[in-house]
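Structure first, commentary second.
For ligands, and for the atoms within them, numbers begin at 1 and follow the listed sequence. Scope of the values below: all heavy atoms of this structure, side chains included, with no hydrogens, waters or symmetry mates.
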Amino acid sequence: MFSTAFLDLPALQGASGTVTLPGSKSISNRVLLLSALCQGTTVVHDLLDSDDTRVMLAALRQLGCDVLVDGTTVTITGLGGCAWPREAIEFFMGNAGTAMRPLTAALAVQGGDFTLKGVPRMHERPIGDLVDALRELGCTIDYLGNEGYPPLRVRQPTLQLDKPIPVRGDVSSQFLTALLMALPLAAQDRAITIEVVGELISKPYIEITLNLLARYGIAVERQGWERFVIPAGSRYQSPGTIHVEADASSASYFIALGAIAAGDPSKGSQGKGIRIQGVGADSIQGDIRFMDAAAQMGAQITSGPNWLEINRGAWPLKGITLDCNHIPDAAMTLAVMALYADGPTTLRNIASWRVKETDRIAAMANESRKLGAIVEEGPDWITIHPLPAGQWQRASIHTYDDHRVAMCFSLAAFNPDQIPVRIEDPKCVAKTFPDYFEALFSVAHTAAANIPVICIDGPTASGKGTLASRVAAQLGYHYLDSGALYRVTAHAALQAGLTLEAADEAKIADLARQLPVRFEGEQVLLNNVDVTDAIRSEQGGMNASKVSVLPAVREALVALQHSFRRLPGLLADGRDMGTVIFPNAALKVFLTASAAKRAERRHKQLISKGFSANIESLRADLEARDARDMSRSASPLQPAQDALQLDNSSLSIEDSVAQVLDWWQGKSR
Ligand SMILES: Nc1ncnc2c1ncn2[C@@H]1O[C@H](COP(=O)(O)OP(=O)(O)OP(=O)(O)O)[C@@H](O)[C@H]1O
Ligand SMILES: Nc1ccn([C@H]2C[C@H](O)[C@@H](COP(=O)(O)O)O2)c(=O)n1
């Protein structure tokens, strides 16, 4: 996951390949609660691991559920038949509507002394209609802040279940879902009827609820979309094992991607289209119907059991007018597809967008306008006009702590003007799809020249590695420690019984060309063996300097170094990053510090790692290494003509990082 303050998406040119999607949030949180309410143990496979499911899991543990998490498999021993907690418990529900609503209902029906709170936005999301329905059936619930909104306190109920329970269905279908999941707890000896007041929105989500209730032994009788009867004698039973489908709403971004992005001609037939694993056209999730809307706009979609394949069809896409009540979440993706259409797109009946993680109508309108689009909006609709080539503007997309805003606007990076797009707070995708951007980068492609590179070259112990890796972390970029490649090459050569001299140049170059090296965090592995300590010694640096003089060895390592240039960008440190390996890098820094300072820092570094060291001999060694690195004929250490010089002798690491980021901001404006 990208936990950076922002993520700059370079201009993307196409996409092809396969993505496997994480589990559905709606199914995951329902399955977790149902598994907790039933008797027996349930093994849940392919559960979504995200902020919202963690909130639910934490709450279930607080209730006393035995929960065992093993990757995406979770084993839950339900509370059915066990003692219900009587002590006061405070639950933190984050901004997870799919946890807050059903849990409130289940706790209110069972009774106890419970407080449910969330993040500030959760306290702005209405829950009054659910509370009214629960009070109607005798539950005791108090508002601890504003009337109609969380936080709430739930106490012991006096249930009155003899008359139908009214619940409004026109604000959020989650209220009805909450009642449907809670009331089987009270239906042992009588049938309970729920009556929907107003036109029920988001019916497909109710279908998911009914479908899952059936898996847990509750056969709700549905009379149209107005009445739901939970039969007398209902009792939750564990299905034993259950698989969570991949998230159909998350699929919408990749369906849209297949419709928008050209394939990769260099890969032939392999380079065509997007394949989505984990969800197919027969999904139980309502948002799967997004595929019909995308097809209407031009996407070519085929499907099989648990997979979808999407190719670009009509291009530009076709503007449409659509009632999106049945796909409220996925419909946001249509708003960004609309930018690539041949005429305006109007999405209607989306009033629920106003009360989601943020006011999504306002968010989609504001951020599309930043890109240059003309957008009109009303209380429950939005019209987005296409954005023709030549009119796209550079924008920093504010994401309002809303995962879907972030994921939608990533699709703007395929704009015809090839303008990069900044996504603020990219980690907000953790709500449903923590590795969304990684998945996007795994299928997106662009010209290497579009992938930004920042080079940091300089003499030994000037702080290149420290600076480069910290800047990389702040930008979410990859990091190439090119010195490590020379160190590993020297190590491999010595292991092979070679000298580090010109006599063995061809053999060392052969080794370097096929170097089985892997970086895992700070660790460097050669042939799966950890060689970190061996190559990081001062002797390792000296050996690297020796092999780096050999032109054939340098040549042999070029392709490997280029392969680090991957989306979304690269920080490369070494001696010839800016002069030879990435001559077109957008920013080149030549980092220096006085020899005295460098020797002092290296001394401190070695001592802190438990090595004994002498500052004078360290200084002599590093000066000898610098002299060899600067005087060799092949790619000598020297500043690139367009490099910015940074002497950090009297700068802290933080100051150096801030300086480079400042230069970078200047370049990317
Ligand atoms: N600006 C700075 N101020 C103080 N200490 C620093 C600064 N930059 C780096 N250091 C420290 O100096 C030491 C050497 O830094 P680092 O290993 O990043 O240098 P390098 O140039 O990558 O070295 P090499 O050329 O051997 O790979 C580290 O202990 C690091 O924490
Ligand atoms: N791009 C590079 C990187 C490194 N070298 C050589 C010269 C150095 O003395 C040696 C070790 O590098 P370090 O890990 O200290 O950065 O490798 C080079 O020639 N070109």
Side-chain angles (χ1 to χ4, degrees), residues 455-472 479-491 493 500 508 512 519 522 524 531-532 534-551 553-558 560-562 564 571-582 585 588-609 611 613 618 621-638 640 646-660:
C455 297
I456 301 186
D457 287 307
T460 305
S462 55
K464 303 178 299 297
T466 308
L467 177 59
S469 56
R470 293 214 190 178
V471 174
Y479 167 50
L480 165 61
D481 171 3
S482 62
L485 301 182
Y486 287 95
R487 288 173 184 254
V488 171
T489 301
H491 184 81
L500 304 181
I508 304 173
F519 294 86
E522 303 266 285
V524 187
V531 293
T532 319
I535 66 156
R536 291 290 176 210
S537 65
E538 287 309 285
Q539 187 57 50
M542 209 52 113
N543 293 343
S545 178
K546 285 183 187 162
V547 292
S548 73
V549 169
L550 308 170
V553 174
R554 301 200 73 82
E555 187 53 40
L557 287 173
V558 169
L560 179 56
Q561 292 174 85
H562 283 168
F564 280 77
L571 253 293
D573 95 61
R575 305 293 187 287
D576 61 344
M577 296 295 97
T579 49
V580 177
I581 303 297
F582 300 111
K588 299 174 189 173
V589 177
F590 195 78
L591 188 69
T592 54
S594 66
K597 262 277 181 250
R598 290 187 284 129
E600 196 184 294
R601 289 175 186 170
R602 182 56 31 101
H603 183 255
K604 218 162 142 189
Q605 191 180 27
L606 289 172
I607 298 294
S608 74
K609 286 185 184 163
F611 298 107
L618 279 174
D621 275 2
L622 66 84
E623 283 178 330
R625 184 134 72 96
D626 291 347
R628 180 172 28 232
D629 293 346
M630 287 190 285
S631 63
R632 68 186 177 220
S633 60
S635 317
L637 166 65
Q638 60 184 31
L646 180 60
D647 183 335
N648 70 3
S649 303
S650 52
L651 291 182
S652 69
I653 296 174
E654 290 70 28
D655 289 341
S656 307
V657 170
Q659 175 62 79
V660 173

Looking only at side-chain N and O atoms, does [Y] offer a donor or acceptor that is under 3.5 Å from a partner on [X]?
{"X": "R625", "Y": "S545", "result": "no"}
{"X": "S652", "Y": "D655", "result": "yes"}
{"X": "S548", "Y": "R632", "result": "yes"}

Which ligand 1 atoms are under 4.0 Å away from a heavy-atom of [X]?
{"X": "G465", "value": "18 (O), 20 (P), 22 (O)"}
{"X": "S656", "value": "1 (N)"}
{"X": "A461", "value": "19 (O), 20 (P), 21 (O), 23 (O), 24 (P), 25 (O), 26 (O)"}
{"X": "T460", "value": "25 (O), 26 (O)"}

Out of R602, K464, R601, Q659, the nearest non-hydrogen contact to atom 17 (O) of ligand 1 is supplied by R602
For [atom], closest protein heavy-atom neighbour:
{"atom": "atom 4 (C) of ligand 2", "result": "G483 CA, 3.5 Å"}
{"atom": "atom 30 (C) of ligand 1", "result": "T466 OG1, 3.5 Å"}
{"atom": "atom 1 (N) of ligand 1", "result": "L651 O, 3.0 Å"}
{"atom": "atom 10 (C) of ligand 2", "result": "A544 CB, 3.5 Å"}
{"atom": "atom 31 (O) of ligand 1", "result": "I653 CD1, 3.8 Å"}
{"atom": "atom 14 (O) of ligand 2", "result": "R487 NE, 2.6 Å"}
{"atom": "atom 28 (C) of ligand 1", "result": "Q605 NE2, 3.5 Å"}
{"atom": "atom 9 (C) of ligand 1", "result": "G463 CA, 3.5 Å"}
{"atom": "atom 3 (C) of ligand 2", "result": "S482 OG, 3.3 Å"}

What part of [X] sits under 4.0 Å from ligand 2 if we count only heavy atoms: the side chain, the backbone, both or neither?
{"X": "R628", "result": "neither"}
{"X": "D576", "result": "both"}
{"X": "R575", "result": "both"}
{"X": "R632", "result": "side chain"}

Under the 3.5 angstrom rule, does the side chain of [X] hit a backbone N or O of [Y] as a donor-acceptor pair?
{"X": "T489", "Y": "L485", "result": "yes"}
{"X": "R575", "Y": "P636", "result": "no"}
{"X": "D626", "Y": "T460", "result": "yes"}
{"X": "Q561", "Y": "L557", "result": "yes"}
{"X": "S649", "Y": "S594", "result": "yes"}
{"X": "S462", "Y": "A593", "result": "no"}
{"X": "K588", "Y": "G578", "result": "yes"}

Per-atom contacts of ligand 2 with [X], taking only distances under 4.0 Å to non-hydrogen atoms:
{"X": "D629", "result": "7 (C), 8 (C), 9 (O)"}
{"X": "M577", "result": "1 (N)"}
{"X": "R625", "result": "8 (C), 9 (O), 10 (C), 11 (C), 12 (O), 15 (O)"}

Between CG on residue D457 and CG on residue D576, distance to nearest 0.5 Å: 6.5 Å
Ligand 1 contacted by R487 (non-hydrogen, < 4.0 Å): yes
Test item, G541 contacting ligand 1 (heavy atom, 4.0 angstrom): no
Give yes if a backbone or side-chain nitrogen or oxygen of L467 is under 3.5 Å from a nitrogen or oxygen of ligand 1, and no if not. no
Do R554 and ligand 2 have an N or O pair less than 3.5 Å apart? yes
Are any of the N/O atoms on D573, whether in the backbone or the side chain, positioned under 3.5 angstrom from an N/O atom of ligand 2? no
Does only the side chain of R575 get under 4.0 Å from ligand 1, or the backbone, or both, or neither? Count heavy atoms. side chain
Of the backbone atoms (N, CA, C, O) and the side-chain heavy atoms from C-beta on, which set of S652 has a member under 4.0 Å from an atom of ligand 1: side chain, backbone, both, or neither? backbone
Taking the side chain as every heavy atom from C-beta outward, state whether L571 and S469 have any pair of such atoms under 4.5 Å apart. no
From the list T466, I456, D573, D647, side chain to side chain contact (heavy atoms under 4.5 Å, CB included) with L591 holds only for I456
Ring geometry between F582 and H562 (parallel below 30°, tilted from 30 to 60°, perpendicular above 60°): tilted
Picking from K464, R487, R536, what satisfies salt bridge (charged side-chain N to carboxylate O under 4.0 Å, His left out) with D481? R536
Nearest atoms (heavy-atom pairs only) where H491 meets I535: CB-CG2, 3.9 Å
